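Computed from a prediction, not measured in an experiment: that's the story for all the values here. Basis for what follows: all heavy atoms, side chains included, without hydrogens, waters or symmetry-related copies.
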Amino acid sequence: MRRLLPLLFATAVACAGTVHAAPMKLSDYMALSGPAPSATFHYGSAPSQYAELFLPEGKGPFPVAILVHGGCWTKEFGGIVQLRNMAGALARRGIASWNVEYRRVDEAGGGYPGTYQDMNAALDLLAREAQHHPLDLRRLAAVGHSAGGQLVQWLAARPRIPASSPLYHPDALPVRQVVSLGGLADLRREAALIQTSCERSTEQLAGTPSKERPDVFSDTNAGDLMPNGSRTILVTGELDTISPPRVAHAFAARAQAAGDAAEVVILPGASHYDEVAATSPSWPLVLQAIESALSGK
């Protein structure tokens, strides 16, 4: 693998153009872009309810990475456009991408329960479209960055959601392989960090308690919905201040104690934004995590 990483990085340099010197800044992240998608599909009538399909060259069928962007659950910090950078790089590795946009807390219908219902609907649409495109859903991994890390870890936890919840989805597409890039998945235990890093409150992300739903984390928090049979690779920049390495280690320890598989990858000298860019020196390690998840190994 040590011999392979320089080759992977050289390929990324050739295909992605200018390589950013780590650590990347927010402005570098906001400037990320990539190729146009092969097709765009709408799973709802709201402007943000759509997903982009990126197909590699060839006949397939191709493994599929579900990509979910971050941005602190708000429109302010980019979205689906930035992850086209990763989608393009994955296509060159023979991996299809389902790049998901969703309603955020500052959009009508976003927050609880809308954002989570968007995730359900986007994956339902993927399952349907896989019947018409060369996609191999037996090789499936959900890859999310920051707030998107919270959402993909939640996708894997859906089997544990109570049947009384509006988020309950008994026929959901199974997500057992997850790559969380600087994810802020534990809404209960990392509430203070999420408030500091993103200025997002528990009420915005998990709703308010009620008689019918006294614990707002019972259907929103991956950290409480374990074991769920998933394997999570938590990838975090050494210099990440939004979701520091200790967050990844704490979640992995909790998942392992519950009986789920989890591992941590620390990106040397990398920031929160290096985690998601094919133009970053960290990309070979991120790519290795994604390909490991897709292989199920």
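Distance alone, capped at 3.5 Å, places no donor-acceptor pair between the W283 side chain and the D274 backbone. Judged by distance alone, the side chain of Q82 and the main-chain N or O of G79 form a donor-acceptor pair under 3.5 Å. In terms of modelled atom types and a separation under 3.5 Å, the side chain of S197 and the main chain of L193 share a donor-acceptor contact. A donor-acceptor distance shorter than 3.5 angstrom exists from the side chain of Q49 to the backbone of S45, with no hydrogens or angles considered. Formation of a donor-acceptor pair under 3.5 Å by the S295 side chain with backbone atoms of S292 is found in this model. Here the side chain of T115 pairs no donor or acceptor atom with the backbone of G110 at under 3.5 angstrom. Counting only distance, with no hydrogens or angles, the side chain of E238 and the backbone of G269 share a donor-acceptor pair below 3.5 Å. Checked by atom type and distance alone, the side chain of R213 pairs as donor or acceptor with a backbone atom of V216 at under 3.5 Å. Side chain of S218 to main chain of D215: a donor-acceptor pair is present (N/O by atom type, distance under 3.5 Å, no hydrogens or angles). A donor-acceptor pair is defined here as one N or O able to donate and one able to accept, closer than 3.5 Å; such a pair exists between the side chain of Q256 and the backbone of A262.
Residues D260 and R176 are not paired through a salt bridge, judged by the lack of any N-O separation under 4.0 Å between the basic side chain and the carboxylate. A salt bridge links R189 with D224: the closest approach of a Lys/Arg side-chain nitrogen to an acidic carboxylate oxygen falls below 4.0 angstrom. Using a cutoff of 4.0 Å between basic side-chain nitrogens and carboxylate oxygens, K75 and E107 are not scored as salt-bridged. By the 4.0 Å N-to-carboxylate-O rule, R139 lies close enough to D136 to be salt-bridged with it. Using a 4.0 Å cut-off between a side-chain N of Lys or Arg and a carboxylate O of Asp or Glu, D106 and R104 do not qualify as a salt bridge. Between R231 and E263 there is a salt bridge, since at least one side-chain N of the basic residue sits less than 4.0 Å from a carboxylate O of the acidic one.
At a threshold of 4.5 Å between non-hydrogen side-chain atoms, the residues L187 and T202 do not count as touching. The shortest distance between side-chain heavy atoms of P162 and Y168 does not fall below 4.5 Å. You'll find the side chain of S230 stays beyond 4.5 Å of the side chain of L155, heavy atoms only. When side chains are defined from C-beta on, I95 does not count as touching P56, because their heavy atoms never get closer than 4.5 Å.
Atom CH2 of residue W98 and atom CG of residue L123 lie 9.0 Å apart, to the nearest 0.5 angstrom.
Side-chain atoms of H272 and S243 include no donor-acceptor pair closer than 3.5 Å. In summary, the side chains of Q153 and S180 do present a donor paired with an acceptor at a separation below 3.5 Å, with no hydrogens or angles considered. Counted by atom type alone, Q117 and H169 present zero donor-acceptor pairs between their side chains at under 3.5 Å. Y112 and D219 share a side-chain donor-acceptor pair at under 3.5 Å.
V152 and F54 are members of different hydrophobic clusters when ILVMFWY side chains are connected at heavy-atom separations under 4.5 Å.
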Yes or no on ring pair (Phe, Tyr, Trp, His ring centres under 6.0 Å) for F62 and H133, after CA distance, side-chain angles and deciding distance?
CA-CA 9 Å; F62 305 107; H133 300 277; over 10 Å; no

List the steps, then state whether side-chain hydrogen bond (donor to acceptor under 3.5 Å, both in side chains) holds for N120 with R158.
CA-CA 9 Å; N120 281 337; R158 290 185 296 173; 2.7 Å; yes

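Relative to the six-membered ring of F41, R128 misses at least one condition, a distance below 6.0 Å or an angle of at most 45° to the axis.
Across all their heavy atoms, H249 and V264 have their closest contact at CE1-CG1, 3.7 Å.
Counting heavy atoms of neighbouring residues, nucleotides and ligands inside a 6.0 Å radius, atom CD of Q195 exceeds 12 of them. In the displayed structure, R138 atom CZ is contacted under 6.0 Å by at most 12 heavy atoms of other residues, nucleotides or ligands.
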